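In listed order, ligands and their atoms are each counted from 1. Note that the structure is predicted; figures quoted are calculated from it, not measured. In what follows, every heavy atom counts, from backbone to side chain, and hydrogens, waters and symmetry copies are set aside.
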Amino acid sequence: MPEICGIELDHPVINASGTYDAIAAQAVFGDAVLADFPFSAFVSKTITPEPRAGNAPRRIWETPSGMLNSIGLPNKGLEGFLAEDLPKLRELPVPLIVSIMATTREDFAHCVERIARRREVAAIELNVSCPNVHSGLIVGENPSETEALLEVLRPVTEKPLIVKLTPNVADAAAVAAGGERGGADAISLINTLKGTAVDPATGGPALGNGYGGLSGPAVRPVALEQVRSVRAAVSLPIVGMGGISNGADAAEFLALGASIVAVGTENFRDPRAGARVAAELESTLRLERSATLALDLD
Ligand SMILES: Cc1cc2nc3c(=O)[nH]c(=O)nc-3n(C[C@H](O)[C@H](O)[C@H](O)COP(=O)(O)O)c2cc1C
């Protein structure tokens, strides 16, 4: 049975943070969503200490084989999440992973402490694509910032801490190694790649924020290479993601050393993508196993 950090999963496909709103899905489609949930664990949208409104529109722009977003992490803030969303998310039939981001180590620690106290939370994902306001450095772009953050958070909880890496770095493996030294339990990657586009109708930026993050099939080769290089550098389990839209894509991540995978942008096209990718992956792996067996018998 697949697992991540000791959390047993029915299959190896979870959602990528911010790409599937389980609460909205249940509100629209009813309890059928719970009866046949597409993912084997649910990762929340990233929560910040205080509420955020998100970026100015336009927030989404389609690109060749991908999508730019500059959503800007709109969320209810830590207390709003605990009071309003967590009671709904605890009804999900799968383990819950809560994604958090903060701009100081103290705020990160406060969020970890408040969230880890809740029994319904199986693990915490640390979105480190954010600046440390004290140093001005983007935490996940810097191995020693990442290590120092983990050193502060590690004593706060025994629950698994998953570091979600940004791909906007020269050496993702060095940052992953910083996370491992600091005491992380797993690495997930990749987050979106920085990108922008011009709106042909105006000649100005297509996104309200001026730039955004690229995701979808276009980023898959970048994600695969980062998974390969991180696998070579650390012994932690890896959650692989970036442009997965079918079982064959997912199999590539597993072949390069990911323990499980996450589906993101594809959820916008097909809200059942998680279950479909899991079923396709199962038959891809079965075919590979029979091919290996046939070769062994030759
Ligand atoms: C609309 C949108 C919102 C996202 N929000 C978050 C977020 O809140 N936290 C986070 O860590 N990643 C967020 N991501 C990044 C995804 O979790 C994922 O890392 C990335 O999109 C790559 O996977 P994909 O190509 O399968 O989408 C978001 C991506 C998209 C497209």
Side-chain angles (χ1 to χ4, degrees), residues 13-24 38-39 41-48 51-55 57-77 81 85 97-102 108 111 123-130 138-140 161-168 172 186-195 207-209 211-227 230 238-247 249-250 252-253 258 260-271 273-274 276-277:
V13 184
I14 67 174
N15 68 297
S17 174
T19 64
Y20 185 92
D21 186 336
I23 296 173
F39 308 103
F42 180 72
V43 184
S44 78
K45 168 96 195 142
T46 298
I47 307 305
T48 52
R52 284 171 60 102
N55 290 333
R58 180 183 304 112
R59 293 175 168 185
I60 299 271
W61 185 260
E62 193 168 344
T63 59
S65 295
M67 153 178 151
L68 282 166
N69 89 81
S70 70
I71 306 284
L73 300 184
N75 75 98
K76 295 175 180 173
F81 172 79
D85 290 356
I97 300 172
V98 177
S99 167
I100 60 168
M101 175 193 271
F108 251 120
C111 291
I124 297 175
E125 184 168 88
L126 309 168
N127 180 344
V128 292
S129 305
C130 55
I138 304 289
V139 177
L161 295 174
I162 304 169
V163 181
K164 168 103 177 252
L165 294 184
T166 166
N168 301 308
I187 302 289
S188 67
L189 74 160
I190 60 172
N191 210 316
T192 54
L193 279 154
K194 257 189 213 169
L207 296 167
N209 190 44
Y211 70 95
L214 183 66
S215 61
V219 310
R220 201 170 70 252
V222 176
L224 287 168
E225 163 50 17
Q226 295 213 352
V227 167
V230 167
I238 293 174
V239 184
M241 75 195 82
I244 295 176
S245 48
N246 58 48
D249 298 344
E252 288 192 86
F253 282 82
I260 62 168
V261 296
V263 170
T265 300
E266 180 68 4
N267 295 316
F268 293 94
R269 214 181 55 77
D270 172 11
R276 177 177 52 76
V277 170

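Regarding atom 12 (N) of ligand 1, its nearest protein heavy-atom neighbour is Lys164 NZ, 3.1 Å. Among all protein heavy atoms, the one lying closest to atom 9 (N) of ligand 1 is Thr46 OG1, 2.6 Å. For atom 15 (C) of ligand 1, the closest heavy atom belonging to the protein is Asn191 OD1, 3.4 Å. In this structure, the protein non-hydrogen atom closest to atom 13 (C) of ligand 1 is Ser17 O, 3.0 Å. Taking atom 8 (O) of ligand 1 as the reference point, the nearest protein heavy-atom neighbour is Lys45 NZ, 3.0 Å. In this structure, the protein non-hydrogen atom closest to atom 21 (O) of ligand 1 is Ser215 CB, 3.3 Å. With hydrogens left out, the protein atom closest to atom 3 (C) of ligand 1 is Gly18 O, 3.3 Å, a heavy atom.
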Might you work through the side chain to side chain contact (heavy atoms under 4.5 Å, CB included) test for Lys45 and Leu73, ending with a clear yes or no? CA-CA 8 Å; Lys45 168 96 195 142; Leu73 300 184; 4.0 Å; yes
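The shortest side-chain heavy-atom distance between Arg59 and Pro74 falls under the 4.5 Å cut-off. With a 4.5 Å cut-off on side-chain heavy atoms, Ile162 and Ile124 do not count as touching. Using a 4.5 Å heavy-atom cutoff, the side chains of Arg276 and Asn246 are in contact. Under the 4.5 Å side-chain criterion, counting only non-hydrogen atoms from C-beta, Cys130 is in contact with Phe108. Side-chain contact between Leu189 and Val227 is present, with at least one heavy-atom pair separated by less than 4.5 Å.
Here Arg52 contributes atom CZ and Ile71 contributes atom CD1; the two are 12.0 Å apart, rounded to the nearest 0.5 Å. Rounded to the nearest 0.5 angstrom, Leu68 CG and Asn209 CG are separated by 11.5 Å.
Not a single N or O atom of Thr19, backbone or side chain, sits closer than 3.5 Å to an N or O atom of ligand 1. Remark: ligand 1 and Phe268 share no N or O pair separated by less than 3.5 Å (distance only, no angle test). Of the N or O atoms in Asn69, none lie within a sub-3.5 Å distance of an N or O in ligand 1. Ligand 1 has a nitrogen or oxygen under 3.5 angstrom from a nitrogen or oxygen of Thr265. Between Gly264 and ligand 1, at least one pair of N/O atoms sits closer than 3.5 Å. For ligand 1, the polar-atom distance check against Ile71 finds no nitrogen or oxygen pair separated by under 3.5 Å. Residue Met241 places no N or O, backbone or side chain, under 3.5 Å from any N or O of ligand 1.
With a 4.0 Å heavy-atom cut-off, ligand 1 is reached by the side chain of Met67 but not by its N, CA, C or O. The proximity of Leu73 to ligand 1, defined as any non-hydrogen pair under 4.0 Å, is limited to the side chain.
Nearest to atom 22 (C) of ligand 1 by heavy atom, out of Asp249, Ile190, Ile244, is Ile190.
Contact between Asn15 and Phe39 at its shortest, heavy atoms only, is N-CD2, 3.4 Å. Pairing each heavy atom of Lys164 with each of Ile190, the nearest pair is CE-O, 4.0 Å.
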